[in-house]
Each structure stands twice: as C-alpha cells, then as structure tokens.
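One structure is given here, and the rest of the page talks about it.
Quick note: residue numbers are just sequence positions, from 1.
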Amino acid sequence: MPTSPSTLPVLPTSVIGSHGLPGWMYSALEMIDSGRFGPTDERELFDDAVNMAIRDQERAGVDIISDGEMKRWKFVQSFYRRMTGLQAQGPLRKLGPEGYDSVPRYQATERIKAPQGLGIVDEFNFLKQHATHRLKATCPGPVTISIHIRERPSVYRDRLELANEFVDVINTELKALVAAGADYVQIDEPSHSIIGGSAEDYVDLYNRCVRGVRARIALHICFGNLASRARFERTYAPLFPAIMDARADELVFEFANREMREVELASQITEKFDLGAGVVDVKSFHQEPPELVASRIRKVLDHAPAERVRIVPDCGFFTVPRWLCVSKLTNMVAGTMIVRSEVERGSRRGPRRRQRV
Ligand SMILES: [Zn+2]
C-alpha cells in the first residue's frame, strides 16, 4: 500500500465526495441498463472510474481525496438496491428538466434493513489500495439516505421515525470503515427542515449515528445539489445554536454559491469545531480563477483562525462534467496556495480568539 504523508499543510484542501462524471460514464450506465455489460465489465468500468477520479484529484494537488463516489448513482440511489423492505415506485415525473421529482422513489412496505451494509467499506478498501494521498470516506446521513423513500403510516409514523431507522445502519458502517483503516469520515446531510422535526431532533439523530466512531468526523450540511438545484432555504441560521452540540470535529458548509453569505458563522463554528469552508461553486460553470478563490478564503479568515480551516468545494461534483470539476479543483488548490503562503509568511493569521469571560 502506498504511504500517506503524515502531516498536512495549513489550510488543507479536500473534496466533499463526488467527482465529475466523464461523458463515457453516462454511455456506459445506459449500456448497463440495457443489459450489455456482464458483471466483470461492470466491475472493470467502476474500478477504472475510481482510478480516474483518484488521479484527477491527486494531479490537481488536493491534499485529502475521496474515491469520487464513482460507484454510487445519483448520490444515494445505489444504496436502495442493498435494502430490504422497499418497493420501487419509479419517478413521479419523467418528462422535462431533471429535478427532485424525476428520480426513482421507493415506498417502505415493512421495516427497512440493510443486511449487507451500505457497501462503503468496499469502496474505501479499493480507494486505500490505489491512492497515495490522505483519504476521506463519505457516508450519507439518515436524512439524506431516506430522502427518496416515502414513509407509510403503517410502517413509519413520520419522516423522523423513518430517518431513525438508518441510525444503526450508518453507525455500523462507520465503525466498519474505521476498522478498515479510515481515519477521516464525513456524514452528508441536507437542511434539517425535511424531517419536519426541530434542529435539536436533527442533531440528536446525527449524534447517534456517530456514537463510538473513533475517527476524525466531519458533518457536511448543504441545501441540496441534485441537477445543480437547491431544495431548501439557503441559510444555516435555523441550525444554530443546536448544531453546536454535534459530535463532530469539523462542520463543512457551503459558502461560494451564496457569495459568501453567513461567512461570519465561521467565528462561532471555530470556537468549537474546525470549519470545512466551501469556496468553489459546484453549481456554476464559472471557472473561478485562483485569485477569486483566494479572496473567498481570506473572507473566511476574517472570522476564523487559519489552523481551524479546511478548504473544500461547496458540495460534490456529480452534477458537473469531469473537465469542469478538474478545472475547479485545480483552481481551488491554486487559490489555497496563494493564501497558504500568506499565512506561512505571517501576513495573514485570522482573528485572535476572543477571551471568554
Ligand atoms: Zn452537499
């Protein structure tokens, strides 16, 4: 196994998880659906795709990489194939632009189980064997993973109870990831509003997923990214102060596509957590030049000390083409290098911590 560098630079760069799919992947997925691939062909395709994602991230200079989530489909859809107690219902809408109502849906017919786990450990084992950089493993949270499932009153009272069903599934997967060597895991969740409960319910749900998981834990919260569209009101404010009780080492928030709105939250967040700051807009075709990325990072450092900040894109890249994803990652790293050298020269440190009285 290749060795990993043991120390990270200040303002380490990483990704949220998914990599941009090349055009040939779409063609290959259609061929799989039409029955033209055998199991060996499929395995080779997905392994090659992961290796491509690894090389793209490493060549861009990203410090901590993922497997690009190349073995998943539409972020969570491939997990449903591993579950029992679900009945496929097809999309609500098949015509017109892609959106949240045009992906396959499922209904719970009995209590849902994932007897063989979510498969993320296998993804991580492959990544570990083929990468040379530091690694991050990603897992959808209970709200995200239940997003396309309709609760049925006879099985689950409401969305909160449905999401609760996945707490043990996720906790087991995370512990297996750590046993497989993962030292950095990220849970991906959208806004809390979808479950209808309070922010406290949401944080409690998340906290039970990571109980006893002995790794660096990041919690990524965003506003939705399917077909590059948000699904929720784009503000983190309703999560505070409840989110400060999250059992996490790092909160990973999107800022770039909101023109750095709410960046002042970095101050409160870094009183307790590290901040993964989204400074590249994954929903825009604008190839933000390095100097623009640098200016966004400086805005974060107006509110947070550099040693508490990690640099990431706003969200995953699965909704943009590969070439654009690579361009954005390359510019993200170049922009980070500008500010990193300023920090290392001592000309930019971030604010001094307030003295608590
Ligand atoms: Zn996201």
Side-chain angles (χ1 to χ4, degrees), residues 2-17 19 53-66 131-136 183-184 186 216 218 220 249-271 273-282 284 286-315 317 323-354:
T3 54
S4 300
S6 58
T7 55
L8 287 166
V10 69
L11 300 173
T13 54
S14 188
V15 290
I16 297 300
H19 195 67
I54 291 170
R55 295 285 93 77
D56 279 355
Q57 294 171 86
E58 291 183 343
R59 270 196 297 262
V62 177
D63 297 307
I64 306 162
I65 67 168
S66 73
T132 58
H133 285 207
R134 294 278 287 269
L135 308 176
K136 179 196 269 188
D183 59 4
Y184 186 11
Q186 179 183 283
R216 177 184 176 85
H220 169 58
D249 300 285
E250 178 184 352
L251 298 185
V252 184
F253 282 7
E254 57 174 82
F255 293 107
N257 78 89
R258 301 180 303 135
E259 307 301 339
M260 305 307 285
R261 188 171 148 243
E262 296 186 319
V263 70
E264 64 279 2
L265 288 173
S267 172
Q268 190 176 348
I269 292 167
T270 56
E271 294 274 351
F273 308 103
D274 288 348
L275 171 64
V279 296
V280 169
D281 184 353
V282 301
S284 165
H286 182 207
Q287 297 174 65
E288 299 105 317
E291 189 48 57
L292 176 55
V293 174
S295 73
R296 290 172 177 168
I297 297 172
R298 292 187 193 105
K299 285 180 178 150
V300 177
L301 296 187
D302 285 343
H303 302 279
E307 63 273 16
R308 279 288 213 178
V309 176
R310 294 184 170 211
I311 303 303
V312 288
D314 274 352
C315 194
F317 279 113
W323 69 265
L324 183 56
C325 163
V326 169
S327 169
K328 283 176 174 282
L329 282 179
T330 303
N331 287 0
M332 181 185 82
V333 171
T336 302
M337 300 282 264
I338 295 170
V339 184
R340 188 179 286 161
S341 69
E342 292 170 1
V343 171
E344 287 171 347
R345 285 199 312 271
S347 59
R348 186 169 302 274
R349 291 175 190 277
R352 287 168 189 269
R353 270 277 157 260
R354 282 196 311 273

**Message:** I'd like to know whether Glu344 forms a side-chain contact (heavy atoms from CB on, under 4.5 Å) with Val10, so could you lay out the CA-CA distance, the side-chain angles of the two residues, the decisive distance to 0.1 Å, and finally the verdict.
**Reply:** CA-CA 8 Å; Glu344 287 171 347; Val10 69; 4.1 Å; yes
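- A distance of 10.5 Å separates CZ of Arg310 from CG of Leu11, quoted to the nearest 0.5 Å.
- Nearest approach of Ile338 to Arg298, heavy atoms of both residues: CG2-NH2, 3.6 Å.
- Val15 and Ser66 get closest at one heavy-atom pair: CG2-OG, 3.6 Å.
- Ala294 and Gly335 make their closest contact through CB-O, 3.6 Å (heavy atoms, listed as atom of the first residue, atom of the second, distance).
- The side chain to side chain contact (heavy atoms under 4.5 Å, CB included) test applied to Arg55 returns Asn51, Glu58, Arg59, not counting sequence neighbours.
- Applying the side chain to side chain contact (heavy atoms under 4.5 Å, CB included) criterion to Ala53, with sequence neighbours excluded, gives His19, Gln57, Met70.
- Val333 is linked by a side chain to side chain contact (heavy atoms under 4.5 Å, CB included) to Thr13, Val62, Met337, counting only residues two or more places apart in sequence or in another chain.
- Separating the SG atom in Cys325 from the CE atom in Met332 is a distance of 9.5 Å, to the nearest 0.5 Å.
- Residues satisfying the side chain to side chain contact (heavy atoms under 4.5 Å, CB included) test with Ser341, not counting sequence neighbours, are Arg345.
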**Request:** Might you work through the side-chain contact (heavy atoms from CB on, under 4.5 Å) test for Leu292 and His286, ending with a clear yes or no?
**Result:** CA-CA 11 Å; Leu292 176 55; His286 182 207; 3.7 Å; yes
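- Of the charged side-chain nitrogens involved, none lies within less than 4.0 Å of a carboxylate oxygen, so that Glu271 and Arg308 do not count as a salt-bridged pair.
- Shown here for Tyr184 and Leu135, the closest heavy-atom pair between the two residues is CB-O, 3.6 Å.
- Using a 4.5 Å heavy-atom cutoff, the side chains of Leu324 and Gln287 are in contact.
- Exactly one of Glu250, Lys136, His220 qualifies for a side chain to side chain donor-acceptor pair (under 3.5 Å) with Gln186. That residue is Lys136.
- In plain terms, the two heavy atoms of Pro12 and Val309 that are nearest each other are CD-O, 3.7 Å.
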**Pair Glu288-Asn331, side-chain contact (heavy atoms from CB on, under 4.5 Å): steps then yes or no** = CA-CA 7 Å; Glu288 299 105 317; Asn331 287 0; 5.6 Å; no
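- The one candidate from Val280, Thr336, Val300 that meets the side chain to side chain contact (heavy atoms under 4.5 Å, CB included) condition with Ile311 is Thr336.
- Summarising the geometry of Ile65 relative to Ala131, their closest heavy-atom pair is CD1-CB, 3.8 Å, with the distance given to 0.1 Å.
- Using a 4.5 Å cut-off on side-chain heavy atoms (C-beta onward), Val343 and Leu301 make contact.
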**Request:** Just do the side-chain contact (heavy atoms from CB on, under 4.5 Å) check on Leu329 and Asp56 with the steps written out, would you?
**Result:** CA-CA 9 Å; Leu329 282 179; Asp56 279 355; 5.7 Å; no
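- Under the rule for a ring pair (Phe, Tyr, Trp, His ring centres under 6.0 Å), Phe317 has no partner lying at least two apart in sequence or in another chain.
- The stretch residues 261-270 participates, sequence neighbours left out, in these salt bridge (Lys or Arg N to Asp or Glu O under 4.0 Å) pairs: Arg258-Glu262.
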